[in-house]
Amino acid sequence: MPVHNRDIAERFTRLANLLEIEGANPYRVRAYRNAARTIGGLSVDIADLVAKGEDLTRYPGIGKDLASKIRTLVETGELPDLAEVEKRVPTELSDLMAIEGLGSRGVKALYKRLGITGLDDLEEAARAGRIREVERFGEKSEHAILAEIEKLRGGAPERMRLADAEDVARPLVEHLTRAEGVEAIEVAGSFRRRKETVGDLDILVACADSGPAMERFVGFEDVAEVVSQGSTRSTVRLASGLHVDLRAVSPSSYGAALHYFTGSQAHNIAVRRRGVERGYKINEYGVFLSGGGEEPVAGAREEEVFERVGLPWIPPELREDRGEIQAGEQGELPELVTEDDLLGDLHAHTDATDGADSLRAMAEAAAARGYEYLAVTDHSKRVAMAHGLDADRLRRQMEEIDRVNDEGKGATLLKGCEVDILEDGSLDLPDDVLAELDLTVCSIHYQMNLPREKQTERVLRAMDNPHFRILAHPSGRAINERAPMELDMERIIEAAAARGCVLEVNAQPARLDLRDVDCRLARERGAMLALSTDAHSTDNLGLMRFAVDQARRGWVGPGSVVNTRDLGGLREALRRR
DNA sequence: GCCGTTTTCGGCCCGACTGTTTTCAGTCG
Ligand SMILES: Nc1nc2c(ncn2[C@H]2C[C@H](O)[C@@H](COP(=O)(O)OP(=O)(O)OP(=O)(O)O)O2)c(=O)[nH]1
Ligand SMILES: [Mg+2]
Ligand SMILES: [Mg+2]
Ligand SMILES: [Zn+2]
């Protein structure tokens with residue numbers, strides 16, 4: 001696999017940046033950025049699509065020209081347009097745009113006037129006080145640039161995991177709720193869309209007078225810096241480094257503002273374009289008639305905005321401009337799975353291996369959540385670090401499960417095991433003991449760096465075992481910690497669909513594996529999913545909502561999720577083909 | 001560069017905040 005989607009997206013982003021610095025047509029620049037966004041949000045590998053000769057123009061924002069450029073890039077590893085523009089302007093200029101407050105115009109001016117091409121040049125010029133000599137720069141921007149360089153040198157800024165963002169948001173929302181005159185408050189942006197990571201927090205408040213809320217916001221104890229402050233919008237940096245935007249509007253604009261601030265940017269643009277087509281101007285204050293007129297025709301509720309452009313209310317998780325608008329228009333928005341749909345959890349550990357709580361405690365905690373069943377899936381022996389089970393210990397655990405089930409106090413415990421998939425694709429326990437289980441959860445914990453073809457074969461071979469049921473944390477990634485394994489996920493999804501294997505959506509906040517886009521591909525290809533917490537304690541059972549988030553972002557409905565079924569239905573759904 | 005139950009050409013979302021702007025460009029949401 002020579003060219004990853006990520007590489008293709010990065011090249012087009014670079015091309016867009018350099019063209020913008022050169023002063024190219026901004027809509028052409030936007031077209032390249034859109035293409036980068038589309039490609040970055042794909043589950044299938046573009047290189048595979050090209051190899052199969054598929055028509056790339058079926059993807060929105062990719063026309064004949066871009067399709068041909070992509071094909072060239074995949075086949076030759078080269079993007080001739082990028083090579084061309086790099087002959088005219090230094091490619092490092094694109095990286096300078098990562099500096100906050102520095103855009104294409106600023107970079108161009110610094111390059112033309114001072115010959116600055118990289119971070120080192122920029123720092124030197126700033127220290128020498130030469131930046132302020134350039135038009136549209138001054139003392140303040142010069143200092144700001146130095147500060148930003150400092151931050152950038154301290155390591156690339158990471159996006160924050162959604163679960164961590166919740167912990168940051170909670171006290172801040174609590175703090176703002178107590179501001180005078182706040183009638184409604186919501187964390188919007190990527191947080192509301194439930195993206196796996198967030199770049200910042202975007203908080204919206206409704207109030208007649210924004211003053212008290214804004215003051216309270218910048219006065220929050222964790223604020224390290226007030227980046228900007230106005231009457232309707234302020235931005236702060238928290239001690240953790242996370243930025244927070246607060247937007248304040250009157251209650252009559254709350255719906256329009258919530259729509260605006262929830263995004264995504266691409267979704268907003270698409271909805272606003274529909275507005276233009278229908279004679280409206282849509283902004284964060286409401287929907288207005290294009291001809292002018294001060295009075296909005298809608299704005300208090302989010303539904304009104306959609307209604308004006310002929311759409312039903314679209315769940316935030318879908319608002320990525322990835323087909324939700326067309327689906328809404330045609331009345332074909334998917335029914336999305338909810339936490340209430342789930343009748344059990346199919347991946348959990350106990351104190352027999354690396355879990356914190358007993359079988360009995362886990363069964364009772366599952367019942368307290370209203371579950372009908374809980375699969376106990378402790379590690380197999382290969383995972384020695386977790387004191388994994390051999391056949392004997394697993395059999396003793398099965399006996400204990402029988403006893404706990406007989407007591408009938410908790411949810412029904414299913415006999416399972418998280419069986420390690422060994423390097424050759426065989427499973428870590430003998431078939432005879434696996435045959436005694438209700439289900440297996442199979443996963444890779446070692447040798448995660450095999451080449452793509454081998455790693456894919458390893459998983460497919462594991463599926464050959466008739467006792468294989470669920471593929472757990474399929475990519476093995478840990479967000480901000482460990483890259484996913486090299487895998488042909490499309491092949492794995494297709495194999496799962498064909499052979500009656502189930503793919504897990506692991507709810508551990510660092511995993512979220514499958515990803516949203518993989519969930520969507522799985523649904524499209526007819527593979528079944530299991531939403532599971534991989535709980536290592538009774539509390540961990542409560543992580544389920546994070547798996548639900550990503551499944552919903554993947555357009556997944558209850559029908560594609562095995563643990564929406566009752567025990568009888570589940571056993572049916574887990575039958576192998 | 002993309003795209004079309006108005007269009008195959010001529011549009012392409014719309015607004016807040018900052019700084020050096022002397023009347024608004026640049027950057028960002
Ligand atoms: N109409 C419009 N809305 C925008 C634009 N840029 C951002 N927004 C809206 C939609 C975004 O979801 C919202 C918050 O902006 P952010 O930059 O924080 O993006 P978002 O939260 O979606 O992603 P993030 O995880 O923060 O990178 O503001 C834009 O160019 N036009
Ligand atoms: Mg955001
Ligand atoms: Mg933001
Ligand atoms: Zn596990």
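In what follows, chains carry the letters A, B, and so on, assigned in the order in which the sequence lines appear, proteins first and then strands, with residues in each chain numbered from 1.
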Look at A/Lys69 and B/dG1 and indicate whether a side-chain polar atom (N or O) is within less than 4.0 Å of OP1 or OP2.
yes

A/Arg33 and A/Asn17: CA distance, side-chain angles, deciding distance, side-chain hydrogen bond (donor to acceptor under 3.5 Å, both in side chains) verdict
CA-CA 9 Å; A/Arg33 295 216 168 102; A/Asn17 287 348; 2.8 Å; yes

Among side-chain atoms of A/Ser43 and A/Arg520, is any donor-acceptor pair under 3.5 angstrom?
no

May I have the distance from A/Met214 (atom CE) to B/dA16 (atom P), rounded to whole angstrom?
12 Å

A/Phe261 side chain: which of B/dG29, B/dC13, B/dG1 is closest?
B/dG29

Using the C1' atom as the point on both nucleotides, what is the distance between B/dG1 and B/dT5, in whole Å?
24 Å

Partners of A/Glu124 by salt bridge (charged side-chain N to carboxylate O under 4.0 Å, His left out), sequence neighbours excluded?
none

If you take atom types as modelled and just measure distance, does the side chain of A/Asp200 reach the base of B/dG29 with a donor-acceptor pair under 3.5 Å?
no

Over how many whole Å does the gap from A/Leu96 atom CG to B/dT27 atom P extend?
12 Å

To the nearest angstrom, the CD1-P distance between A/Ile39 and B/dC2 comes to 11 Å

Quiz item: cation-pi between A/Arg194 and A/Phe191, 6.0 Å / 45°:
yes

Verify the contact: side-chain N or O of A/Ser231 to OP1 or OP2 of B/dA16, cut-off strictly under 4.0 Å; return yes or no.
no

Are the charged groups of A/Glu284 and A/Arg233 less than 4.0 angstrom apart, N to O?
no

C1'-based separation of B/dT8 from B/dC13 [nearest Å]:
23 Å

So, does A/Arg28 get its side chain near the phosphate of B/dG1, meaning an N or O under 4.0 Å from OP1 or OP2?
yes

Out of B/dC14, B/dC13, B/dA16, minimum distance to the side chain of A/Arg247 belongs to B/dA16

Closest approach to the side chain of A/Tyr260, judged atom by atom: which nucleotide of B/dG29, B/dC14, B/dC17 is it?
B/dG29

Please set out all donor-acceptor pairs under 3.5 angstrom arising from side-chain atoms of residues 179-188 of chain A, sequence neighbours excluded.
none

Determine: side-chain N/O of A/Arg30 to OP1/OP2 of B/dC13, distance under 4.0 Å, yes or no.
yes

Reckon A/Ser141 has a side-chain N or O less than 4.0 Å from the OP1 or OP2 of B/dT20?
yes

Check whether any side-chain nitrogen or oxygen of A/Tyr27 sits under 4.0 Å from OP1 or OP2 of B/dG1, and answer yes or no.
no

With rounding to whole Å, what would you report as the distance between B/dG26 and B/dT20 at their C1' atoms?
12 Å

Using only side-chain N and O atoms of A/Arg272, determine if any of them is under 4.0 Å from OP1 or OP2 of B/dC14.
no

Using the C1' atom as the reference point in each nucleotide, state the distance between B/dC3 and B/dT7 in Å, no decimals.
10 Å

Quickly work out the A/Leu204 CG to B/dA16 P distance and round it to whole Å.
14 Å

Rounded to whole Å, please give me the gap between CG in A/Leu246 and C1' in B/dA16.
13 Å

Complementary nucleotide of B/dC17, counting Watson-Crick and G-U pairs under 3.5 Å
B/dG26

In whole angstroms, how far is the P atom of B/dT18 from the CZ atom of A/Phe137?
18 Å

Which value, in whole Å, describes the distance between the P atoms of nucleotides B/dT23 and B/dC28?
24 Å

If you compare every side-chain N and O of A/Asn283 against the phosphate oxygens of B/dG15 (OP1, OP2), does one of them come in below 4.0 Å?
yes

When you measure from the side chain of A/Ala31, which nucleotide among B/dC13, B/dC2, B/dG29 comes out closest?
B/dC2

Without decimals, in angstroms, what is the distance between A/Asp65 CG and B/dC2 P?
5 Å

Taking 4.0 Å as the cut-off, does a side-chain nitrogen or oxygen of A/Lys281 come that near to OP1 or OP2 on B/dG15?
yes

Integer-rounded Å distance: B/dG19 P and A/Ile145 CD1
13 Å

Does any donor atom in the side chain of A/His4 or A/Glu10 lie under 3.5 Å from an acceptor atom in the other side chain?
no

